[in-house]
Structures are given as C-alpha cells and as structure tokens.
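Report on one structure; see the data block that follows.
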Amino acid sequence: MRTIGLEEHFVTPDLLGYSAGSSIGQPDKWREASRRLLDLTGERLAEMDAAGLDMQVLSLTAPGIQAEPDPASAVTQAAAVNDLLAGLIAEHPTRFAGFAALPLQDPQAAAKELERAVTQLGLRGALVNAHTQGRYLDAPELRGVWERAEGLDVPLYLHPANGVDTPHVMDGHPELIGPMWSWGVETGSHVLRMIFGGVFDDFPDAKLLLGHMGEGLPYVLWRLDSRWGFHNHHGVELARGNPSEYVRHNLYLTTSGVCSAPPLLCALLAMGPEHILFGTDYPFEDMATATDFLRNAPISEADRAKIAHLNAERLLRL
C-alpha cells in the first residue's frame, strides 16, 4: 500500500537559527533533530525506505519564515526556500512533494508567492507556522491569501509554533510550553478564530490542514455546538450554523505525531475517513513507529487506504 506523509519537516542552514526547538527540546535531542532536518536526501531517503514511506510532502520547520521581523527579507527568504524545495522535488519526483513557505508579513506578496509556488514550482499548497508577528490567519488583511488558496484549490496547513506570549495559567511552568501542551491548545484556538472570524464563510471551499490528529478539535465538536447554542454570540453569526459544520467541511487532519488508536478512532467518527491523512512529524517522531501504527491500527482496510494515500492523492493531486 502506498504511503504518503504530509507533515515532514526540513530546514536550511540559513533558517535553522529561527527554530524554537533549541529552547524546548533537551539539548541532545535538539542536536539530533537539527541534523536530520538539514539532511534532505541521504539518511532521510534511507529511513523512508526502511519504514515503508513512499513519499514525504516536505515543509519548512517551525517557525520558519514567520520568525523574520523584516517583511522584505521574509519575501526574499520565502522565494529562495521555495525554489530550493522545488529543485529537490524535481530531482526526486516520486519521493517528495512540498508545501510552500509564505511571507505573511507582506500579505500581497504572500498571495503572489503562493500562486508562483503552485503554478510555476509545482508545490501543493502552503504551510503556515502559527501566527506571523502576532497576526493570525483570520486577519482581514490576509483574506487575499485565502482567496488565492481557494482559487488555486490548494490547502493551507496550519502548524504550531510558540505563541506571542505565555498564557498566565502556564506562568512558572515552562515544561508546558511547546508541542507537549501549549502548541496544541493555541493551534486549536487559532482554528476557532478562523471559524468565528468568518474565513470559511467568505471562502466556503477553502481547505485547512491540521496536524496531530486535529489538535484536540474532533474530541470537542459536540461541546462546541452545544455551548454555541447557549453563549452570547457578540454579533457573530455562522452561515453554517454550528462550528462543527466548518470542522467537518473545511478541515482535514493528519495523524502526525499521534500514534495511538483511541484518538484516531475518535477522529474517524467525528470527521469521517475522507478528512484524515497520514503524517509522521519527522524528525520529531520516529518514522517507522508512525508507519507501523498505520499498518496495524484497528480500522477497515478501506479507511486505511484513504488515510495512507488516497486522500492525499485527491487533495494534493499527487
């Protein structure tokens, strides 16, 4: 069975210094992850072969271009890394595809770069690492990026990164900051900002990818709808009625970084098998562990095939 991973990270030497991993991971773990991030073909391809992973859809690791404070520099860096990625894919077209990096510091330039990356470089969408200098994807000035993504029929993949600040409840507990806890909470909240901010009412065919088995959202859909029926709406009304309708219509999730049957079964029941795709979260999780989990998960063979490759082939036209 063909297997395609959608959350597969890399970095370039010029951008490695932006990464938050050095402040989150144990020093030896971060050194090893950095080495693997920088390795684009050698050890990576060997590990893919050993794990039975046919293709990686590569994306720049967090926070990527979005950590750059200067908009002009972000535009230049995004173009350069997208060109590099397209060149790598051209050398290994059956093993790699890619998501573009976008200079969201300059929304107009970001929309243009998305179009160039898709129509000229052959990339399959874009990956966004959380906020961009405090700006989230529901910002009115980013509607042009969504318009371009919907028009091109490509997804945006929302990946976590460090927040603008530390929530008060986590003060004094740095162990909670990062992928173990805070990133998932903030990313789920970012998605809700987009739903209640009208992004998917403005662009009803837009597609958003979300890793880590949906950052907890599949688990709380009933609760979201129930409380939306109770809460003061503060002037916000949803064209689809309930928040769960957007999660089921506009969102697609990957299994990246979660090799556990209960959340997978929850996601299947909440979202349906057509909205779940495979990912390994390489190099931060073990590739072979992820593929073994997919092969042995207690799901039907039809659903396994959809998750492993059919949904990716359809969504990304692979």
Side-chain angles (χ1 to χ4, degrees), residues 1-8 51-57 124-125 127 155-160 179 183-185 187-192 194-195 200 204-228 240-282 284-318:
M1 181 174 61
R2 189 183 188 206
T3 307
I4 302 170
L6 270 74
E7 190 177 316
E8 317 300 322
L53 183 62
D54 296 284
M55 175 177 278
Q56 284 192 330
V57 184
R124 306 297 171 160
L127 183 137
L156 300 184
Y157 195 126
L158 178 61
H159 185 271
W183 283 12
V185 174
T187 306
S189 300
H190 193 162
V191 174
L192 295 178
M194 285 183 259
I195 291 172
F200 303 118
D205 294 323
K207 298 176 177 66
L208 181 72
L209 275 160
L210 201 60
H212 315 121
M213 213 70 84
E215 309 289 5
L217 288 174
Y219 193 80
V220 297
L221 294 186
W222 189 92
R223 176 76 173 166
L224 286 173
D225 290 351
S226 170
R227 294 307 85 198
W228 184 237
R240 290 185 176 273
N242 282 321
S244 69
E245 295 298 319
Y246 298 86
V247 174
R248 293 189 174 101
H249 180 75
N250 298 100
L251 265 63
Y252 297 77
L253 60 87
T254 76
T255 64
S256 66
V258 181
C259 298
S260 174
L264 174 59
L265 296 176
C266 173
L268 279 167
L269 289 170
M271 306 278 293
E274 289 78 17
H275 281 247
I276 303 175
L277 301 91
F278 181 66
T280 76
D281 208 354
Y282 181 86
F284 304 107
E285 297 286 353
D286 180 65
M287 202 184 294
T289 299
T291 55
D292 185 67
F293 164 67
L294 176 64
R295 284 191 291 266
N296 294 290
I299 59 178
S300 72
E301 293 307 312
D303 288 351
R304 198 183 323 275
K306 290 176 183 178
I307 295 168
H309 67 100
L310 293 176
N311 291 339
E313 290 165 353
R314 171 176 52 87
L315 187 66
L316 304 183
R317 295 186 288 279
L318 294 170

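What you are looking at is a predicted structure, and each value in this text was computed from that prediction instead of being measured.
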Which of Leu253, Thr254, Ile299 passes side-chain contact (heavy atoms from CB on, under 4.5 Å) with Ile276? Answer is Leu253
Kindly compute the distance separating OG1 (Thr289) from CG (Leu294), expressed to the nearest 0.5 Å. 13.0 Å
Let me confirm one number: the CG-CG distance from Leu268 to Leu264, rounded to the nearest 0.5 Å. 4.5 Å
Donor-acceptor under 3.5 Å (Thr291 side chain, Ala51 main chain): yes
Under 3.5 Å, is there a donor-acceptor pair between the side chain of His309 and the main chain of Leu277? no
Which of these passes side-chain hydrogen bond (donor to acceptor under 3.5 Å, both in side chains) with Thr280: Gln56, Glu8, Glu285? Glu8
Inter-residue atom distance Leu210.CG - His190.NE2, 0.5 Å rounding: 10.0 Å
Is any side-chain heavy atom of Phe200 closer than 4.5 Å to a side-chain heavy atom of Asp205? no
Where do Glu313 and Arg2 land on the salt bridge (charged side-chain N to carboxylate O under 4.0 Å, His left out) test, with the steps shown first? CA-CA 10 Å; Glu313 290 165 353; Arg2 189 183 188 206; 2.8 Å; yes
Do the ring centers of His159 and His212 come within less than 6.0 Å of each other? yes
Under 4.5 Å between any side-chain heavy atoms of Leu224 and Ser244, yes or no? no
Distance-only, no hydrogens or angles: does the Asp292 side chain make a donor-acceptor pair with backbone N or O of Ala288 under 3.5 Å? no
Kindly indicate whether the side chain of Leu217, heavy atoms from C-beta on, has any atom under 4.5 Å from the side chain of Leu251. yes
Between Arg124 and Leu318, is there a side-chain heavy-atom distance shorter than 4.5 Å? yes
Rounded to the nearest 0.5 Å, how far apart are CG of Leu209 and CG of Asn250? 11.5 Å
Is the shortest side-chain heavy-atom distance between Tyr252 and Leu208 below 4.5 Å? no
Which distance, rounded to the nearest 0.5 Å, do you find between the CG of Leu316 and the NZ of Lys207? 10.5 Å
Side-chain donor-acceptor pair under 3.5 Å between Arg248 and His275, yes or no? no
Strictly distance-based, threshold 3.5 Å: is any side-chain N or O of Asp281 a donor or acceptor partner for the main-chain N or O of Phe284? no
Passes side chain to side chain donor-acceptor pair (under 3.5 Å), Arg304 versus Ser300? Steps please. CA-CA 6 Å; Arg304 198 183 323 275; Ser300 72; over 6 Å; no
Distance-only, no hydrogens or angles: does the Asn311 side chain make a donor-acceptor pair with backbone N or O of Lys306 under 3.5 Å? yes
Do the non-hydrogen side-chain atoms of Ile307 and Pro273 ever get within less than 4.5 Å of each other? no
Atom OG1 of Thr3 and atom CE of Met1: how far apart are they, to the nearest 0.5 Å? 5.0 Å
Find out whether Leu127 and Leu156 are in side-chain contact, i.e. whether some heavy atom of one side chain is under 4.5 Å from a heavy atom of the other. no
Spell out, as yes or no, whether a donor-acceptor pair under 3.5 Å connects the side chain of Thr187 to the backbone of Trp183. yes
Do Arg314 and Glu274 come close enough that some side-chain heavy atom pair is under 4.5 Å? yes
